[in-house]
Amino acid sequence: QVQLVESGGGLAQVGGSLRLSCVASVRTSTRLAMAWFRQVPGKEHKFVAAISWSGGSTDYSDSVRGRFTISRDNRKNTAYLQMNNLKPEDTGVYLCAAYVVDYSSDYTSNILSDYDSWGQGTQVTVSS
């Protein structure tokens, strides 16, 4: 069982920055592909960014590409989302997601149903 805990959300002004963290509680031998999704009330989870186990492969939604950067530190079992030049439409609950990959896989996924472990989320509010 993978447990994910997010932190780092808060209130930011337009053009500001925030850095989100997601710590995974897993056995040392477990490899995870990880991602961030955004949830807005009344709407489906929206893909934001994903990163492969090694960190060598990343993917972004068009709306955040060039502004957000996903990274990870496997020694700390932690993934990060650096959010720059924030816009009001970035507002929402940011959820960390993960799924276990085998040793031959270093892929990312932007598909919601691929992820079977989810954190509780951290609120990001961007005010104009």
Side-chain angles (χ1 to χ4, degrees):
Q1 184 71 22
V2 179
Q3 292 185 323
L4 304 172
V5 178
E6 305 96 333
S7 62
L11 179 64
Q13 293 186 334
V14 171
S17 297
L18 287 172
R19 188 193 195 204
L20 307 183
S21 298
C22 172
V23 179
S25 297
V26 291
R27 290 183 295 184
T28 305
S29 60
T30 301
R31 295 189 169 196
L32 300 175
M34 300 183 75
W36 292 92
F37 288 79
R38 181 171 65 242
Q39 181 182 30
V40 176
K43 297 186 178 181
E44 291 185 348
H45 291 13
K46 183 174 181 180
F47 171 74
V48 176
I51 189 165
S52 64
W53 160 251
S54 72
S57 179
T58 57
D59 189 19
Y60 297 91
S61 68
D62 290 342
S63 64
V64 307
R65 186 174 289 111
R67 299 188 297 121
F68 291 10
T69 302
I70 189 170
S71 61
R72 67 190 299 161
D73 183 346
N74 288 338
R75 297 168 300 176
K76 299 180 180 180
N77 288 333
T78 301
Y80 305 97
L81 185 67
Q82 178 66 45
M83 311 165 67
N84 297 331
N85 191 19
L86 284 163
K87 303 177 179 181
E89 52 264 41
D90 295 323
T91 294
V93 176
Y94 281 72
L95 298 157
C96 180
Y99 65 94
V100 177
V101 298
D102 61 35
Y103 279 68
S104 64
S105 172
D106 198 38
Y107 300 112
T108 62
S109 173
N110 59 15
I111 301 173
L112 184 73
S113 59
D114 282 346
Y115 294 88
D116 54 13
S117 295
W118 293 84
Q120 293 298 309
T122 184
Q123 176 71 43
V124 171
T125 302
V126 183
S127 64
S128 57

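Sequence positions, counted from 1, serve as the residue numbers for this chain. Quick caveat: nothing in here was measured; it's all calculated off a predicted structure.
Scanning both residues, Gln123 and Gly92, for their nearest heavy atoms gives NE2-O, 3.5 Å. Between Val48 and Val64, the closest heavy-atom pair is O-CG2, 3.4 Å. Of all non-hydrogen atoms in Tyr115 and Ala35, the two that sit nearest each other are OH-CB, 3.3 Å. Contact detail for Thr122 and Gly9: the closest heavy-atom pair is OG1-N, 3.1 Å. Looking at every heavy atom in both residues, Ala49 comes nearest to Leu81 through CB-CD1, 4.1 Å. Of all the heavy atoms in Ala24 and Leu32, the pair that sits closest is CB-CD1, 3.7 Å.
Counting only distance, with no hydrogens or angles, the side chain of Arg65 and the backbone of Tyr60 share a donor-acceptor pair below 3.5 Å. The backbone N or O of Ser52 sits less than 3.5 Å from a side-chain atom of Arg72, completing a donor-acceptor pair. With hydrogens and angles ignored, the 3.5 Å screen pairs no side-chain donor or acceptor of Gln120 with any backbone N or O of Val5. Judged purely by atom type and a 3.5 angstrom limit, Glu6 uses its side chain to pair as donor or acceptor with the backbone of Cys96. Panel note: side chain Asn110, backbone Ala50; no donor-acceptor pair is recorded below 3.5 Å.
For Val14, the side-chain contact (heavy atoms from CB on, under 4.5 Å) criterion is met by Pro88, Val126, Ser128, not counting sequence neighbours. Partners of Gln13 according to the side-chain hydrogen bond (donor to acceptor under 3.5 Å, both in side chains) rule, which considers only residues two or more places apart in sequence or in another chain, do not exist here.
Considering only heavy atoms from C-beta on, Phe68 stays 4.5 Å or farther from Ser61 through its side chain. Under the 4.5 Å side-chain criterion, counting only non-hydrogen atoms from C-beta, Tyr99 is not in contact with Ser113.
Cluster annotation: Tyr94 is connected to Leu18 through the hydrophobic network of ILVMFWY side chains, with a link wherever side-chain heavy atoms come within less than 4.5 Å. Hydrophobic clustering (side-chain heavy atoms under 4.5 Å, transitive across Ile, Leu, Val, Met, Phe, Trp, Tyr) keeps Trp36 apart from Val93. Note: the hydrophobic cluster containing Leu11 does not contain Leu20 (ILVMFWY, side chain heavy atoms under 4.5 Å, direct or indirect links). Neither Met83 nor Val40 shares a network with the other; the hydrophobic side chains, linked directly or stepwise wherever heavy atoms of I, L, V, M, F, W or Y lie under 4.5 Å apart, form separate groups for each. The cluster map of Ile, Leu, Val, Met, Phe, Trp and Tyr, joined by side-chain heavy atoms under 4.5 Å apart, puts Leu4 and Val124 in the same cluster.
We find the CD-CD distance between Gln39 and Glu44 to be 11.0 Å, quoted to the nearest 0.5 Å. Taking OG1 of Thr108 as the reference point, atom CG of Asp59 lies at 5.0 Å (rounded to 0.5 Å).
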Before giving the answer on side-chain contact (heavy atoms from CB on, under 4.5 Å), spell out for Thr69 and Tyr80 the whole-Å C-alpha distance, their side-chain angles and the decisive distance to 0.1 Å.
CA-CA 8 Å; Thr69 302; Tyr80 305 97; over 6 Å; no

> Please walk me through it: do Ser63 and Glu89 pass side-chain contact (heavy atoms from CB on, under 4.5 Å)?
Replying inline: CA-CA 9 Å; Ser63 64; Glu89 52 264 41; over 6 Å; no

* Under the side-chain contact (heavy atoms from CB on, under 4.5 Å) criterion, do Tyr107 and Val101 qualify, and how do the steps go? -> CA-CA 9 Å; Tyr107 300 112; Val101 298; over 6 Å; no

Open item on the list: Before you tell me yes or no, could you show the steps for Arg38 and Asp90 under side-chain contact (heavy atoms from CB on, under 4.5 Å), namely the whole-Å CA-CA distance, both residues' side-chain angles and the distance that decides it to 0.1 Å?
Closed with: CA-CA 8 Å; Arg38 181 171 65 242; Asp90 295 323; 4.2 Å; yes

Q | Trace of the side-chain hydrogen bond (donor to acceptor under 3.5 Å, both in side chains) decision for Thr78 with Asp73 | A | CA-CA 5 Å; Thr78 301; Asp73 183 346; over 6 Å; no

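Relative orientation of the Phe37 and Trp118 rings is tilted, given thresholds of 30° and 60° on the angle between their planes.
Remark: Gln3 CD is loosely packed, at most 12 non-hydrogen atoms of other residues, nucleotides or ligands lying under 6.0 Å away.
Between the side chains of Ser54 and Asp106, at least one donor N or O sits under 3.5 Å from an acceptor N or O.
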